[in-house]
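Read through the structure below, which is laid out as structure tokens, and then see the notes.
Numbers here simply count residues along the sequence, with the first being 1.
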Amino acid sequence: MGGETTGRNVVDVITGQHRELLALCDRLTGSSGAERSRIAQVVVATLSRHLSAEEQYLYPAVRKVVPDGDLLADRELAEDHQLLVTLKRLDGARPEDPAFGELAAGVTEAVRRHVDADAEELLPLLTQMVPVEDLIRVGNRVETAEEAAPTRPHPATPSRPPWNKIVDPAVAVVDKVRDVAGRRVTYPRDL
């Protein structure tokens with residue numbers, strides 16, 4: 001009513017997504033057979049959406065308000081790019097392929113590093129430096145961006161605004177058509 005911004009703040013949104021990603025990665029590394037394939041599909045889709053949303057809204061917020069935010073965001077973008085490259089390899093691998101286990105372990109380790117970097121550095125800095133209303137606004141944008149994000153890794157697409165805000169939703173349409181046509185599982189709730 002009185003102009004108050006409602007929703008979850010970006011720290012809560014990202015932290016929740018991180019918990020979900022870690023749980024999915026644990027399931028992936030502990031699975032086998034057909035279940036492993038379905039879990040891998042969900043890991044790839046969930047992580048692709050998450051990274052896209054962070055690149056669109058979290059890192060620009062860090063650049064804007066955190067001292068040396070450009071350095072922090074650039075470091076995170078470089079790590080995210082490497083994660084997308086590994087994720088793309090996992091997405092193309094078959095669960096029975098001997099390299100699949102190594103790729104799953106590599107993605108899991110990279111997700112742990114990503115989560116730790118955000119939890120130890122980026123998110124606490126944002127909490128200290130950004131008013132709660134702005135944190136909620138960014139949280140709302142991250143949640144919205146995640147739904148319009150690609151469900152497959154695209155390491156060659158732009159990772160910085162404004163281009164990623166244009167390209168990612170367009171690429172996502174193609175991904176989602178491919179997902180439906182291939183009956184690909186993309187959400188944890190569908191496992």
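Here His18 pairs with His50, His114 under the ring pair (Phe, Tyr, Trp, His ring centres under 6.0 Å) rule; sequence neighbours left out. Legend: residues meeting side-chain hydrogen bond (donor to acceptor under 3.5 Å, both in side chains) with Arg112, ordered by chain and number and at least two apart, are Asp26.
Under a cut-off of 6.0 angstrom, the local environment of CZ in Arg75 is crowded, with over 12 non-hydrogen atoms contributed by other residues, nucleotides or ligands. Around atom CZ of Arg63, more than 12 heavy atoms belonging to other residues, nucleotides or ligands sit under 6.0 Å away.
Cluster annotation: Leu21 and Val185 are assigned to the same hydrophobic cluster (Ile/Leu/Val/Met/Phe/Trp/Tyr, side-chain heavy-atom contacts under 4.5 Å, transitive). By the criterion of side-chain heavy atoms lying less than 4.5 angstrom apart, applied directly or through intervening Ile, Leu, Val, Met, Phe, Trp or Tyr residues, Tyr57 is grouped together with Val66 in one hydrophobic cluster. Both Leu122 and Leu135 belong to a single network of hydrophobic side chains, linked directly or stepwise wherever heavy atoms of I, L, V, M, F, W or Y lie under 4.5 Å apart. Cluster membership for Leu84 and Val42, using ILVMFWY side-chain heavy atoms within less than 4.5 angstrom, is shared. If you chain together hydrophobic residues whose side chains sit under 4.5 Å apart, Val115 and Val11 never meet in one group.
The CZ atom of Arg36 lies 13.5 Å from the CZ atom of Arg27; values are rounded to the nearest 0.5 Å. Separation of atoms CZ (Arg137) and OG1 (Thr6) is listed at 10.5 Å; rounding is to 0.5 Å. Separating the CG atom in Asp118 from the CG atom in Leu72 is a distance of 10.5 Å, to the nearest 0.5 Å. Of the inter-residue distances, the one linking Glu54 atom CD with Glu146 atom CD reads 9.5 Å to the nearest 0.5 angstrom. To the nearest 0.5 Å, atoms CG (Leu87) and CG (Leu103) are separated by 10.0 Å. Atom-to-atom distance recorded for Leu47:CG and Ser52:OG is 11.0 Å, nearest 0.5 angstrom.
Shortest non-hydrogen contact noted between Ser37 and Pro95 is CB-CG, 3.5 Å. The shortest heavy-atom contact between Ser48 and Pro153 is OG-N, 3.2 Å. The shortest non-hydrogen separation linking Cys25 to Thr108 is CB-OG1, 3.4 Å. A pairwise comparison of heavy atoms in Gln56 and Ala145 identifies OE1-CB, 3.8 Å as the closest pair. The two residues Val13 and Gly139 come nearest to each other via the heavy atoms CG2-O, 4.0 Å. Shortest non-hydrogen contact noted between Asp175 and Thr151 is OD2-N, 3.1 Å.
Judged by the 6.0 Å distance and 45° axis criteria, Arg49 is positioned over the aromatic ring of Tyr187.
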Side chain to side chain contact (heavy atoms under 4.5 Å, CB included) between Arg113 and Leu83, worked out
CA-CA 10 Å; Arg113 281 192 310 270; Leu83 179 51; over 6 Å; no
Test side chain to side chain contact (heavy atoms under 4.5 Å, CB included) on Gln41 and Asp91 and set out the steps.
CA-CA 7 Å; Gln41 291 172 357; Asp91 193 36; 5.7 Å; no
For Val62 and Leu125: C-alpha separation, side-chain torsions, deciding distance, then whether side chain to side chain contact (heavy atoms under 4.5 Å, CB included) applies.
CA-CA 8 Å; Val62 168; Leu125 286 169; over 6 Å; no
Applying side chain to side chain donor-acceptor pair (under 3.5 Å) to Asp80 and Tyr59, what does each step give before you reach the verdict?
CA-CA 11 Å; Asp80 288 359; Tyr59 301 148; 2.7 Å; yes
Using side chain to side chain contact (heavy atoms under 4.5 Å, CB included), reason through Ile14 and Leu123 one step at a time and then give a plain yes or no.
CA-CA 9 Å; Ile14 297 292; Leu123 298 179; 3.9 Å; yes
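Two residues are said to be in side-chain contact when any heavy atoms from C-beta on lie closer than 4.5 Å; Pro67 and Met129 meet this criterion. Side-chain contact check for Thr127 versus Pro124: every heavy-atom pair is 4.5 Å or farther apart. Looking at Leu24 and Leu28, their side chains never come closer than 4.5 Å, going by heavy atoms from C-beta outward. Residues Arg184 and Val44 meet the side-chain proximity criterion, which asks for heavy atoms closer than 4.5 Å. Taking the side chain as every heavy atom from C-beta outward, Asp74 and Arg160 approach each other to under 4.5 Å. Proximity of Val138 to Val142: side-chain heavy atoms (C-beta onward) are separated by under 4.5 Å at one or more points. Proximity of His81 to Ser159: side-chain heavy atoms (C-beta onward) are nowhere separated by under 4.5 Å. When side chains are defined from C-beta on, Asp179 counts as touching Arg152, because their heavy atoms get closer than 4.5 Å.
A salt bridge does not link Arg38 to Asp190: none of the charged nitrogens lies less than 4.0 Å from a carboxylate oxygen. We find that Arg94 and Asp97 are not joined by a salt bridge, their nearest charged nitrogen and carboxylate oxygen being 4.0 Å or further apart.
Annotation for Val173: hydrophobic cluster partners, listed by chain and number, are none (ILVMFWY side-chain heavy atoms under 4.5 Å, direct or chained).
With Thr86 contributing its side chain and Gln82 its backbone, the two residues share a donor-acceptor pair below 3.5 Å.
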